[in-house]
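Quantities reported herein were computed from a predicted structural model and do not represent experimental measurements.
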Amino acid sequence: MQGSITPQVIKEHNLTMEEYHRIVEILGREPNVTELGIISVMWSEHCSYKSSRLHLKKLPTQAPWVIEGPGENAGVIAVDDTWAVAFKMESHNHPSYIEPFQGAATGVGGILRDIFTMGARPMASLDSLRFGTLDKPRNRYILEGVVSGIAWYGNCIGVPTVGGEVSFAPCYDGNPLVNVFNLGLVKRDRIFKAKAAGVGNPVIYVGSKTGRDGIHGATMASEEFSEDSEEKRPNVQVGDPFTEKLLMEACLEAFQHDWIVGIQDMGAAGLTCSTSEMASKGGVGVEIDLDKVPQREEGMTAYEIMLSESQERMLLVARKGTEDKVISTFKKWGLDAVVIGRVTGDGLVRVWHRGEVVAQVPAMCLTEDTPVYDRPQERPAYLDEVRQLDLGEVPVPRDLKGVLLELLGHPNIASKEWIYRQYDHMVQTNTVVLPGSDAAVIRIKETGRAVALSSDCNPRYCYLDPYMGAQQAVAEAARNVACSGALPRAITNCLNFGNPEKPQVMWTFARAVEGMARACQVLETPVTGGNVSFYNETMGKGVYPTPTIGMVGILNRVEDRVTQDFKDPGDLVALLGSNRGHLGGTEYLEHVHGRVAGAPPPVDLEYEKRLHRLLVELARRELIKSAHDVSHGGLAVTLAECCISGEATLGATVELKEKMRPDALLFGEDQGRVVISLEPPQTGEVEALAAQYGVPFSILGRVGGENLRISWPGGSLEVPLEELKEVWDQGLTGIVRAS
């Protein structure tokens, strides 16, 4: 085996010669092929974060309500003295391009395992999706496959998908982004970790049998796509939600007893990752015998068994003497459960196969002591060009009503009902705010409290200014949660970028992390974990910088929840915040004028924090009936959505008093604005609270009628609700159905 490690073999494992020499130095010898495979997958970008670790250290991760921060399968924050929620977001981008249905489905399966491995019962999922433009059949195929895969897995296992976001841009033509989030409920004293302990304790394999699917999946996620990428279908795992349901219930039952020392999902890198991470976190070693691993294919090599990413599998360490009880529990649920090894005290991952030791590697070498790179950074030259925006060269359209309808019908803004109606969002009967509002709200029956969930990112802003764009992503996610009445508490993230070996990409990543860190620090929403997805490039063309934020907020009373739609005729329509008419980086500028240019709208984080707390207080005092964040498409689009997104449509008459170019007033995307509705007698108290929090407050008009009418100095537009709703409903649905 020693002589089989050639430069070509090293290259095929995505290792540099420098990295290979370091491996030889660590081992004190040349590795065999199995050891090379084990080390290469753990040293891949996907598993080791070797290009991002230095930068991720800048993120704030602690707060009194944070119970588990980064480093575990999922982060955990407190709900009250008894209950907590575990949550995390992951990406499955590369597999979803190659095989959209299974790529997305197994992404859902993987994030669910991250949650119930912590001892939490999964309660709700979000999906944040980016696709290429829908004029291309390939992109429509990927969209339909991804949505079907998410729906199939979530619906079958009985975990509701309650919201998310979807957007379309040319840069995602060959690089769809499929980011999935899940949150689960756990008792604070029953949280489990991925940590092996107790020399001599048994290591138990549970779940599905191991096959050849998914081998080198983590490595594939650590390289750019090329013309032959579709030949990598064997690297995409195949999911089985029915088996995962059994695995989830078996784990949750076993957790009720004092049997489990540590547990780890066999996700990326399969047995390799689970053995090495559990060993290193516990400061121990793990020894396993591959002959005992349940296998569904004959003749599998040690290399294949260790690197397989077959789904629905777990590795756990049990207390010595309880193994029979653990195995009996899992077999009761119809699952394989086998003792395949034991915890050792030597710090090594030792692998036996057919009576021989086929791999022996220090666990720390596979986890903590992986390469860390401070990659070169260079400000992209394109910024000097795209940041230029002379509004004098941007004509004001004559037909502003037509512009509103065009924006409402664009797939980025139009109703996403075609997507979320495929998801069972009511299973478990905890969903009290359904998909389609600013944030989903999930009640915690045991406490009377609730959690609000939102995922957000505007990649166009991040393309124009990654620092400010990342701040905006955090601020908008927090604002959406606050609009629902919940106090923003913590985030998870998926950081989707191109090739980190390119200095321009690394610069945008570093700036985005710095912007995120600043926003999380000011808004007091620490980062509890997440995922970095690099190499989102095809044929040298990368995606926009896309740092997706998953935000979690807490409502002390589920009754305090607020939704975005207008409720009753005669209610007042008001604005929290100020209209400044910022057009840089807007949907309007791109889709009406064909330009992605200018600086994105600035974010005042201290003001945002006050706005969020004001919204929570208004909801707690039951002073407002609706709240809707002003974002994509600006104020006019927001008002239209307030009219047509509820169970019943309700018109409104609004008068804007600012003197500025009307397209900027109607479609500018100034941050920190929320449209609210309230009963007239509440005006004084709402105005006083807004002044107390330092948030501008102005009455815009009234709810009522069959039209949306907006007037401003020198002009007006009026659109029947039927016309607004038809365009909004058909914007995405019509395109997909037509294909």
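The only member of Val674, Val686, Val695 that meets side-chain contact (heavy atoms from CB on, under 4.5 Å) when paired with Leu614 is Val695.
With contacts defined as side-chain heavy-atom distances shorter than 4.5 Å, the pair Arg121/Leu185 does not qualify. Contact check for Cys520 versus Pro526: no side-chain heavy atoms found under the 4.5 Å cut-off. Using a 4.5 Å cut-off on side-chain heavy atoms (C-beta onward), Val532 and Phe509 make contact. Gln472 is not listed as a side-chain neighbour of Pro601, based on a closest heavy-atom distance of 4.5 Å or more. The closest side-chain heavy-atom distance from Asn493 to Met516 is below 4.5 Å. Counting heavy atoms from C-beta outward, Tyr423 and Pro435 have side chains that stay 4.5 Å or more apart. The side-chain heavy atoms of Thr653 and Arg702, taken from C-beta on, include no pair separated by under 4.5 Å. For the pair Asn579/Arg673, a side-chain contact is recorded, criterion being any heavy-atom separation below 4.5 Å from C-beta on.
Inspection of the His628 and Asp438 side chains reveals an N or O donor paired with an N or O acceptor under 3.5 Å. Ser51 and Arg375 share a side-chain donor-acceptor pair at under 3.5 Å. Counting only N and O atoms by type, the side chains of Gln671 and Glu608 include no donor and acceptor under 3.5 Å apart. Side chains of Asp80 and Thr447: a donor-acceptor N/O pair is absent below 3.5 angstrom, by distance only. Side-chain N/O atoms of Ser631 and Glu669 include no donor and acceptor closer than 3.5 Å. Looking only at atom types and distance, the side chain of Asn73 has no donor-acceptor partner in the side chain of Thr117 under 3.5 Å away. A side-chain N or O of Glu165 and one of Ser128 form a donor-acceptor pair less than 3.5 Å apart. The closest side-chain donor-acceptor pair between Arg130 and Ser167 falls under 3.5 angstrom.
Closest approach of Leu464 to Pro600, counting heavy atoms only: CB-CD, 3.9 Å. The nearest pair of heavy atoms linking Glu641 to Ile413 is OE2-CG2, 3.8 Å. The minimum heavy-atom distance between Val186 and Gly119, with the atom names listed, is CG2-O, 3.5 Å. The heavy-atom pair separating Ala574 from Ile699 by the smallest distance is CB-CD1, 4.0 Å.
Between the CG atom in Leu59 and the CG atom in Leu495 there is a gap of 7.5 Å [rounded to 0.5 Å]. Distance CG/Asn556 to CD1/Ile554: 8.5 Å, rounded to 0.5 Å. The CD1 atom of Ile644 sits 11.0 Å away from atom CG of Leu639, with the distance rounded to the nearest 0.5 Å. Rounded to the nearest 0.5 Å, atoms OG (Ser645) and CZ (Phe566) are 9.0 Å apart. With rounding to the nearest 0.5 Å, the separation of CD1 in Ile419 from CG in Leu129 is 6.5 Å. With rounding to the nearest 0.5 Å, the separation of CG in Leu656 from CG in Leu666 is 6.5 Å.
A salt bridge links Arg557 to Glu622: one of the charged nitrogens lies within less than 4.0 Å of a carboxylate oxygen. Between Arg661 and Asp663 there is a salt bridge, since a side-chain N of the basic residue sits under 4.0 Å from a carboxylate O of the acidic one. Comment: Lys88 engages Glu90 in a salt bridge, judged by a side-chain N to carboxylate O separation of less than 4.0 angstrom. Ionic pairing of Arg620 and Glu617 is present here: one or more N-O contacts between side-chain nitrogen and carboxylate oxygen are shorter than 4.0 angstrom.
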TODO: Would you check, one step at a time, whether the test side chain to side chain contact (heavy atoms under 4.5 Å, CB included) holds for Val573 with Val675?
DONE: CA-CA 7 Å; Val573 178; Val675 171; 4.0 Å; yes
TODO: Apply ring-ring contact (aromatic ring centres under 6.0 Å, His included) to Tyr588 and His593, showing your working.
DONE: CA-CA 7 Å; Tyr588 163 75; His593 295 283; 4.9 Å; yes
Task: Asn182 and Phe87: CA distance, side-chain angles, deciding distance, side chain to side chain contact (heavy atoms under 4.5 Å, CB included) verdict - done: CA-CA 6 Å; Asn182 189 263; Phe87 58 95; over 6 Å; no
- [ ] Go through the steps for Phe697 and Ile676 under the test side chain to side chain contact (heavy atoms under 4.5 Å, CB included), then give the verdict.
- [x] CA-CA 10 Å; Phe697 169 81; Ile676 60 174; 4.2 Å; yes
- [ ] Please test Ile191 against Glu72 for side chain to side chain contact (heavy atoms under 4.5 Å, CB included), starting from the C-alpha separation and ending with a verdict.
- [x] CA-CA 11 Å; Ile191 297 169; Glu72 281 299 328; over 6 Å; no
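Between the Asp114 side chain and the Ala74 main chain, no donor and acceptor come within less than 3.5 Å of each other. Of the possible donor and acceptor atoms, one in the side chain of Thr492 sits under 3.5 Å from a partner among the backbone N and O of Gly529. The backbone N or O of Val178 lies less than 3.5 Å from a partner atom in the side chain of Asn93, making a donor-acceptor pair. A donor-acceptor pair is defined here as one N or O able to donate and one able to accept, closer than 3.5 Å; no such pair exists between the side chain of Arg595 and the backbone of Leu589. Not one N or O on the side chain of His410 forms a donor-acceptor pair closer than 3.5 Å with the backbone of Gly633. Side-chain atoms of Ser437 come within 3.5 Å of backbone atoms of Gln564 as a donor-acceptor pair (strictly under, hydrogens ignored). No side-chain donor-acceptor contact under 3.5 Å links Tyr461 to the backbone of Ala473. The main-chain N or O of Asn496 is never found under 3.5 Å from a side-chain atom of Asn536 such that the two would form a donor-acceptor pair. A donor-acceptor contact shorter than 3.5 Å is absent between the side chain of Lys58 and the backbone of Leu54. Remark: side-chain polar atoms of Lys567 are not paired, donor with acceptor, to backbone N or O of Ser677 under 3.5 angstrom.
Residues passing the side chain to side chain contact (heavy atoms under 4.5 Å, CB included) test with Arg379, sequence neighbours excluded: Leu383, Asp384, Trp507.
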Please set out all donor-acceptor pairs under 3.5 angstrom arising from side-chain atoms of residues 544-551, sequence neighbours excluded.
residue	atom	partner	partner atom	Å
Thr546	OG1	Tyr172	OH	2.8
Thr546	OG1	Tyr544	O	2.7
Thr548	OG1	Asn179	OD1	3.1

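Open room surrounds CZ on Arg580; 12 or fewer heavy atoms of other groups in view lie less than 6.0 Å from it. Around atom NZ of Lys657, no more than 12 heavy atoms belonging to other residues, nucleotides or ligands sit under 6.0 Å away. Atom NZ of Lys625 sits in a crowded spot, with more than 12 heavy atoms from other residues, nucleotides or ligands closer than 6.0 Å.
By the 30° and 60° cut-offs, the orientation of the rings of His425 relative to Tyr420 is perpendicular.
Geometrically, Arg511 engages Tyr467 in a cation-pi contact, judged by NZ or CZ lying under 6.0 Å from the ring centre and within 45° of the ring axis.
Residue pairs meeting the salt bridge (charged side-chain N to carboxylate O under 4.0 Å, His left out) criterion with at least one member in residues 445-462, sequence neighbours excluded: Arg460-Glu587, Arg460-Glu590.
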